[in-house]
Amino acid sequence: MPARHPLRKIRQVVNDALASLDADFEALYTDFGRPSIPPERLIRACLLQILFSVRSERQLMEQMQYNLLFRWFTGLGIDDPVWVPTVFTKNRDRLLTADMSRKVMAAILAHQVVAPLLSDDHFSVDDTLIKAWASMKSFQPKAAGTPPGDDGSDDPPSTCITPTAQPIRPETETDQMPRSNRRSRNPEVNFKGEKRSNATHASVSDPDARLYKKSPGTGAVLCFMGHALMENRHGLVVHGDLTHADGRAERKAALDMLHRHSPGSPRQLTLGADKGYDAAQFVADLRQACLTPHVARKAWNSAIDGRTTRHKGYALSQKHRKRNEEAFGWAKTVGSMSQTVYRGVERVRSRFILTLAAGNLARLPRLLAE
């Protein structure tokens with residue numbers, strides 16, 4: 001390994017962060033049954049998968065077979081056997097929950113070389129859409145239950161002939177190979193003129209996905225909504241969450257992340273956000289929690305007045321809040337979160353939070369070198 005390789009500093013921070021979670025990892029072990037993958041190695045392997053844009057666990061295990069860099073970072077010896085992909089996946093679902101991903105992110109941010117980089121007073125919040133692993137054809141009426149062609153329920157009715165009405169054929173006649181009248185599993189569907197909404201339809205591939213569009217000029221897609229709370233000094237994400245796609249989810253998640261990150265803080269904190277957060281109730285909730293709402297103003301009926309916008313800090317917050325898009329851009333391109341390959345809000349939430357933590361790790365070598 002080169003002495004100046006960025007993974008050296010990342011591995012040092014990750015090892016110290018995971019060492020502080022030994023008590024949490026001990027509770028995940030059992031005294032009986034087949035031994036599981038150590039959570040420390042599993043988390044390192046998942047971070048490698050995100051940092052190097054490995055598409056699947058099967059490809060990750062293939063890389064582990066011959067990539068010495070991956071073995072060194074994960075903690076495997078040169079002759080240690082690599083895990084079976086299905087075993088790795090089952091252990092990941094059991095060990096790497098959303099709460100564990102939050103603890104990993106918090107442990108990385110609490111590291112002695114990372115904590116001085118963070119701001120304790122000024123934050124920004126934003127959200128983005130994460131496409132679900134489900135197609136629009138799977139978005140069907142809730143009474144239907146199964147996709148067309150999956151169990152034959154939508155096939156045209158076949159004409160049944162009673163045994164007494166069947167013609168008697170000579171024994172020398174050979175039967176022809178029967179032809180199946182089942183439809184294709186991926187049939188052509190015309191959605192024109194069909195009204196669909198989350199109240200009447202649901203995806204049979206991922207019931208947790210919601211049909212949502214973020215702006216009037218875009219089309220609705222099956223997705224989740226990811227949220228990130230960022231500190232304004234260096235643009236590191238200090239908290240993340242993922243919820244169902246909903247019009248009020250962004251403001252509710254922002255309050256939850258703030259209360260979880262700085263519960264009962266006596267300091268006057270500031271929160272920068274875009275126009276989507278300019279709602280009277282949200283601004284009132286921030287002021288009640290001793291938070292200054294540095295929210296972008298709408299053209300009409302804005303809840304932000306001149307008492308807030310006259311200060312220089314408001315303009316700075318509006319400048320720094322846009323760096324949240326950099327974290328989302330990294331998560332969607334390098335971290336492969338543009339469209340998740342996981343199903344269920346809990347699995348996607350765990351992966352999204354870990355991806356944001358990996359994005360912080362990717363920036364640490366350059367920040368620590370300054």
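This chain uses plain numbering: 1 for the first residue, then up along the sequence.
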Kindly indicate whether the side chain of T292, heavy atoms from C-beta on, has any atom under 4.5 Å from the side chain of Q268.
yes
Between the side chain of T333 and the main-chain N/O of G329, is any donor-acceptor distance below 3.5 Å?
yes
Give a yes or no on whether W330 and I353 share a hydrophobic cluster (residues Ile, Leu, Val, Met, Phe, Trp, Tyr; joining criterion: side-chain heavy atoms under 4.5 Å apart).
yes
Going by atom types only, do T308 and H294 share a side-chain donor-acceptor pair under 3.5 Å?
no
Any chain of hydrophobic side-chain contacts (each under 4.5 Å) joining L96 to V341?
yes
Run the side chain to side chain contact (heavy atoms under 4.5 Å, CB included) check on S262 and L269 step by step: do they pass?
CA-CA 9 Å; S262 301; L269 308 180; 4.0 Å; yes
Indicate the atoms forming the closest heavy-atom contact of L47 with L361, along with that distance.
CD1-CD1, 3.9 Å
With no hydrogens and no angle check, is any side-chain donor or acceptor of S20 less than 3.5 Å from a backbone partner on A17?
yes
Which distance, rounded to the nearest 0.5 Å, do you find between the CZ of F328 and the CE of M230?
9.5 Å
Pairwise distance CD1(I108) to NZ(K103) - rounded to 0.5 angstrom
14.5 Å
First locate atom OG1 of T200, then atom CZ of R196, and finally report the distance between them rounded to the nearest 0.5 Å.
9.5 Å
What are the two closest heavy atoms between R251 and G276, and how far apart are they?
NH1-O, 3.0 Å
Flag for D285-Q281: side-chain donor and acceptor within less than 3.5 Å:
yes
Taking the inter-plane angle between the rings of F123 and H261 on a 0 to 90° scale, is it parallel (under 30°), tilted (30 to 60°) or perpendicular (over 60°)?
perpendicular
What about L222 and L129, same hydrophobic cluster or not, with Ile/Leu/Val/Met/Phe/Trp/Tyr joined at side-chain heavy-atom distances under 4.5 Å?
no
Measure from the side-chain N and O atoms of D24 to the backbone N and O of M100, and report whether any donor-acceptor pair falls under 3.5 Å.
no
Please step through side chain to side chain contact (heavy atoms under 4.5 Å, CB included) for the pair T270 and L316, ending with a clear verdict.
CA-CA 11 Å; T270 64; L316 290 175; over 6 Å; no
If you define the side chain from C-beta out and look only at heavy atoms, does anything of C46 sit under 4.5 Å from L354?
yes
When you look at CD of Q65, are more than 12 heavy atoms from neighbouring residues, nucleotides or ligands closer to it than 6.0 Å?
yes
H201 versus K142: any side-chain heavy-atom pair under 4.5 Å?
no
Tell me, yes or no, whether the heavy-atom count around R347 atom CZ, taken from other residues, nucleotides or ligands under 6.0 Å, exceeds 12.
no
Shortest non-hydrogen contact between L291 and P293, atoms and distance
O-CD, 3.3 Å
Donor-acceptor list for residues 50-64 side chains, cut-off 3.5 Å, not counting sequence neighbours:
residue : atom : partner : partner atom : Å
S53     : OG   : V334    : O            : 2.7
S56     : OG   : Q59     : N            : 3.3
E57     : OE2  : R92     : NH1          : 2.2
E57     : OE2  : Y342    : OH           : 3.2
Q63     : OE1  : N67     : ND2          : 3.1

Common cluster, V221/I130, ILVMFWY with side-chain heavy-atom separation under 4.5 Å
no
Any side-chain heavy-atom pair of P39 and L95 under 4.5 Å
yes
Output, in order, the C-alpha distance, side-chain angles, deciding distance and verdict of salt bridge (Lys or Arg N to Asp or Glu O under 4.0 Å) for D127 and K214.
CA-CA 10 Å; D127 64 279; K214 202 170 183 181; 3.3 Å; yes
Atom of Q12, atom of H111 and distance for their closest heavy-atom approach:
O-NE2, 4.4 Å
Surrounding CG of D305 (heavy atoms of other residues, nucleotides or ligands, distance under 6.0 Å), is the total greater than 12?
yes
Just do the side chain to side chain contact (heavy atoms under 4.5 Å, CB included) check on H227 and L242 with the steps written out, would you?
CA-CA 6 Å; H227 315 272; L242 184 133; 5.6 Å; no
Beyond-backbone contact of L118 with H234, side-chain heavy atoms, under 4.5 angstrom:
no
Would L271 and F282 satisfy side chain to side chain contact (heavy atoms under 4.5 Å, CB included), going step by step from the backbone distance to the final call?
CA-CA 12 Å; L271 181 69; F282 179 72; 4.0 Å; yes
Contact between L255 and L286 at the side-chain level, heavy atoms closer than 4.5 Å - yes or no?
yes
Could you pull out all donor-acceptor pairs under 3.5 Å where a side-chain atom in residues 72-87 meets a protein atom, sequence neighbours excluded?
residue : atom : partner : partner atom : Å
T74     : OG1  : F70     : O            : 2.8
D80     : OD2  : G77     : N            : 2.6

Does the side chain of R343 come within less than 4.5 Å of S205's, by heavy atoms?
yes
Would you say that K131 contacts T340 through its side chain, given a criterion of any heavy-atom pair below 4.5 Å between the two side chains?
no
Any sub-3.5 Å donor-acceptor pair from Q339's side-chain atoms to A132's backbone N or O?
yes
Using only atom types and a distance under 3.5 Å, with no angle test, would you say the side chain of H239 pairs donor to acceptor with the backbone of L229?
no
Considering all heavy atoms, the nearest D208-F224 contact:
O-CE2, 3.5 Å
Using the rule side chain to side chain donor-acceptor pair (under 3.5 Å), only one of H259, R260, K252 pairs with D256; which is it?
K252
Once you round to the nearest 0.5 Å, how far does CG of N324 lie from OG of S124?
6.0 Å
Note: N360 and V237 closest approach over all heavy atoms is ND2-O, 2.8 Å
Please answer whether the main-chain N or O of P2 pairs with a side-chain N or O of R8 as donor and acceptor at a distance below 3.5 Å.
yes
Donor-acceptor pair, distance only, cut-off 3.5 Å: does the side chain of E231 make one with the backbone of G235?
yes
Apply the side-chain contact (heavy atoms from CB on, under 4.5 Å) test between N232 and each candidate in R323, R321, H320; give the one that qualifies.
H320
Can you measure from OG1 (T243) to CZ (R248) and round to the nearest 0.5 angstrom?
13.5 Å
Does NZ in K275 sit with more than 12 non-hydrogen atoms of other residues, nucleotides or ligands closer than 6.0 Å?
no
So, H244 side chain and R210 main chain: donor-acceptor pair closer than 3.5 Å or not?
no
Please round to the nearest 0.5 Å and tell me the distance separating atom CG of L364 and atom CG of L236.
6.5 Å
Applying salt bridge (charged side-chain N to carboxylate O under 4.0 Å, His left out), name anything that partners R349, two or more places apart in sequence or on another chain.
D241, E346
Give a yes or no on whether F25 and M105 share a hydrophobic cluster (residues Ile, Leu, Val, Met, Phe, Trp, Tyr; joining criterion: side-chain heavy atoms under 4.5 Å apart).
yes
